[in-house]
Amino acid sequence: MFNRITLFIFSKNVKNANNNTRLLSRWVSRKPVRVISSEDYNEEEDGPIIKPQEQEKPLLPRNSKPLTISKRSQAPKITLDMLETTIDEAGNFIYTKMKDQDTRVTSILTQIKSQNVRDKKDLILLEGKRLIKDALDANCKLEYILFSRFKEVEYLRPSLPKVGANLYKMPYKEIQMWSNLTTSPGIMGIFKVPDVENHMPARDSIPLTVICDNVREADNLGAIMRTCHGVGCKEILLTKGCVNVWDSKVLRSACGAHFKLRIQKQFDWNCYGDFIPPNSNVFVADNRVISLNTIDEKYDEMVLRNVINSIPVIPYYSANFSQAEHNVLIVGGETEGVSEQSYKLVSQMKGTRLNIPLGNDVDSLNVGTALGILVFEIKRQFMLSK
Ligand SMILES: C[S@@+](CC[C@H](N)C(=O)[O-])C[C@H]1O[C@@H](n2cnc3c(N)ncnc32)[C@H](O)[C@@H]1O
C-alpha cells in the first residue's frame, strides 16, 4: 500500500495544464492532491521543492504549472462544468493562483470599472464576505471570487456554488489596488447583475412604494434602500436622475437590500400608472411648509406654485396610513429637493405633503433620515391596526 503517488507532468500549454489539473483532482477524488507549481519546481536539483507544511493541504490550485498528462490522447472529455469548478467532490476548493497583474484579472476588473452597469448584461463587483454571501444566498449568478486568504472563502463555503464560477487567489496588495474601499476586506465577488425588477415582496411587507426623486448621493440611496428593505416596503422606484443603483458605494451602504428588494430603475413619471395602484394614498416628504408664493424662487412658474400650494401640508404624525389599500411616499433629492413632476403627480392623485417639523431654524433633514422617520411611522400604524 502507498499513501501518496507523485506524478510529474510537464506542459508549455497553460490551458491544458489548467484543464487537466481539475481532471486529476476528480480522478483521485477523495485523496488530497499535491500540485507542484512552476515556482516550486527546481530544475537544477531535478526535482520539486516540497514545503513540508503544505504537503497535505487539500486545496487544489487550478493553474499550477507545469502540470498536465503526458499524452493528450489519454485525456478524457472535458466538460464546461469541470472548467468552472469551485469545490470538488471531496470538498476541496479548486482555485487558480494568479500572478501579479495577471491579465485575466486585469481585464475583468477593467471591464467592470469602465462599464455602465445600468445594462442588465453587465457585471457587478461586491467587496467583503458578508455582501458576497448575501448575493449568493439570494441566488445571484456568481462569476468569479478574487481572494487572498482562504479564511474568507471558507466563510462562503455553505453558499458557494460547486460549479459555474472561478476562484482566483491573488496577492492582497493587488486586491487592495483594485478595491473601492480604503481598506480592502481581501475578497471580491463578481456577479451578473441580478434581475431586481422581479423580486417578490417579503411576506410581512407593508403596502408601501417609495419613490426616490433624483437622489444623487450614493450613500443616501444605499441608506434609503437598506431602510426600505428593513421596514418591509413592497417596491422602490428610482427616477432617471438618481445615482446608479449598482454604484459600489450604493451596494455597500444598502447592505444586501439589492438582492431582496424589488427595484425599478429609471422610473418614468409618464408611466406611473404601471407602478402605482390607482387607489393609492400618495405622499411627498416636504421640508418646505411656508407658502411657496413668497419663499421659493425655484418654482417661479405661477402655475406650478399654484399646484404646490393646492396640496395640503400636514405634520407626518397626523397622517392616516393604515386605512389605505396602498401608500406611495416620494422623497426629494439632496440639493434640488422635490421635483416639479413629483408635485404634479401628488396633485393629480389628490395626495398630501408630509412635513417633519424641525426646530432651531434647521431647514431640512438628510433624505435618508427623513425617509426613516416616515416609513417607520407608516409601519407603526399598520402594526397597531392589526
Ligand atoms: C436634504 S432634503 C432637500 C433639501 C433641499 N435643499 C430643499 O430645500 O428642498 C432632501 C429631501 O428629504 C426630505 N426631507 C428633508 N427634511 C424634511 C422634513 N423636515 N420634512 C419632510 N421631508 C423632509 C424631502 O423629501 C427633501 O426633498
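Remember, it's 1-based here, ligands and their atoms both numbered in the order they're listed.
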(Q) Can you tell me if Gly333 contacts ligand 1 (heavy atom of the residue under 4.0 Å from the ligand)? (A) yes

**Q.** Lys260/Asp134 ion pair, N-O < 4.0 Å
**A.** no

Q | Test item: side-chain donor near acceptor, Asn214 and Glu336, under 3.5 Å | A | no

Q: Output yes when Glu154 and Lys151 qualify as a salt bridge under the 4.0 Å nitrogen-oxygen rule, no when they do not.
A: no

(Q) Using a 4.0 Å cutoff against the non-hydrogen atoms of Thr335, which atoms of ligand 1 qualify? (A) 5 (C), 6 (N)

Q. Any idea which atoms of ligand 1 are less than 4.0 Å away from a heavy-atom of Val338?
A. 27 (O)

Q. Among side-chain atoms of Asn244 and Lys265, is any donor-acceptor pair under 3.5 angstrom?
A. no

Q) Should the pair Arg104-Asp102 be classified as a salt bridge under the 4.0 Å nitrogen-to-oxygen rule? A) yes

Q: Could you tell me whether the side chain of Ser148 and the main chain of Lys169 form a donor-acceptor pair under 3.5 Å?
A: no

Q) Any N or O of Ile356 that comes nearer than 3.5 Å to an N or O of ligand 1? A) yes

**Q.** Atom indices of ligand 1 within 4.0 angstrom of Glu334 heavy atoms, with elements
**A.** 1 (C), 3 (C), 4 (C), 5 (C), 6 (N)

Q. What atoms in ligand 1 come closer than 4.0 Å to a heavy atom of Leu354?
A. 21 (C)

Q.
Does the plane of the ring in Phe267 sit parallel, tilted or perpendicular to the ring in Phe275? Use 30° and 60° as the thresholds.
A. perpendicular

Q | ligand 1 contact by Asn366, heavy-atom criterion under 4.0 angstrom | A | no

Q.
Assess whether a salt bridge exists between Glu143 and Lys192, defined as any Lys/Arg side-chain N lying under 4.0 Å from an Asp/Glu carboxylate O.
A. yes

Q | Candidate with minimal heavy-atom separation from atom 2 (S) of ligand 1, of Val367, Val313, Leu365 | A | Leu365

Q: Would you check the N or O atoms of Ile330, main chain and side chain alike, for any that come under 3.5 Å of an N or O of ligand 1?
A: no

(Q) List ligand 1 atoms under 4.0 Å from Leu358, heavy atoms only on the residue side. (A) 19 (N)

Q.
With heavy-atom distances below 4.0 Å as the criterion, list the atoms of ligand 1 near Ala285.
A. 21 (C), 22 (N), 24 (C), 25 (O)

Q: Measure Val284 to ligand 1 on non-hydrogen atoms and call it side chain, backbone, both or neither using the 4.0 Å cut-off.
A: neither

Q: Hey, could you give me the CZ/OG distance between Arg226 and Ser253, rounded to the nearest 0.5 Å?
A: 8.5 Å

Q | Distance filter under 4.0 Å to Ala370 heavy atoms, resulting ligand 1 atoms | A | 13 (C), 14 (N), 15 (C), 23 (C)

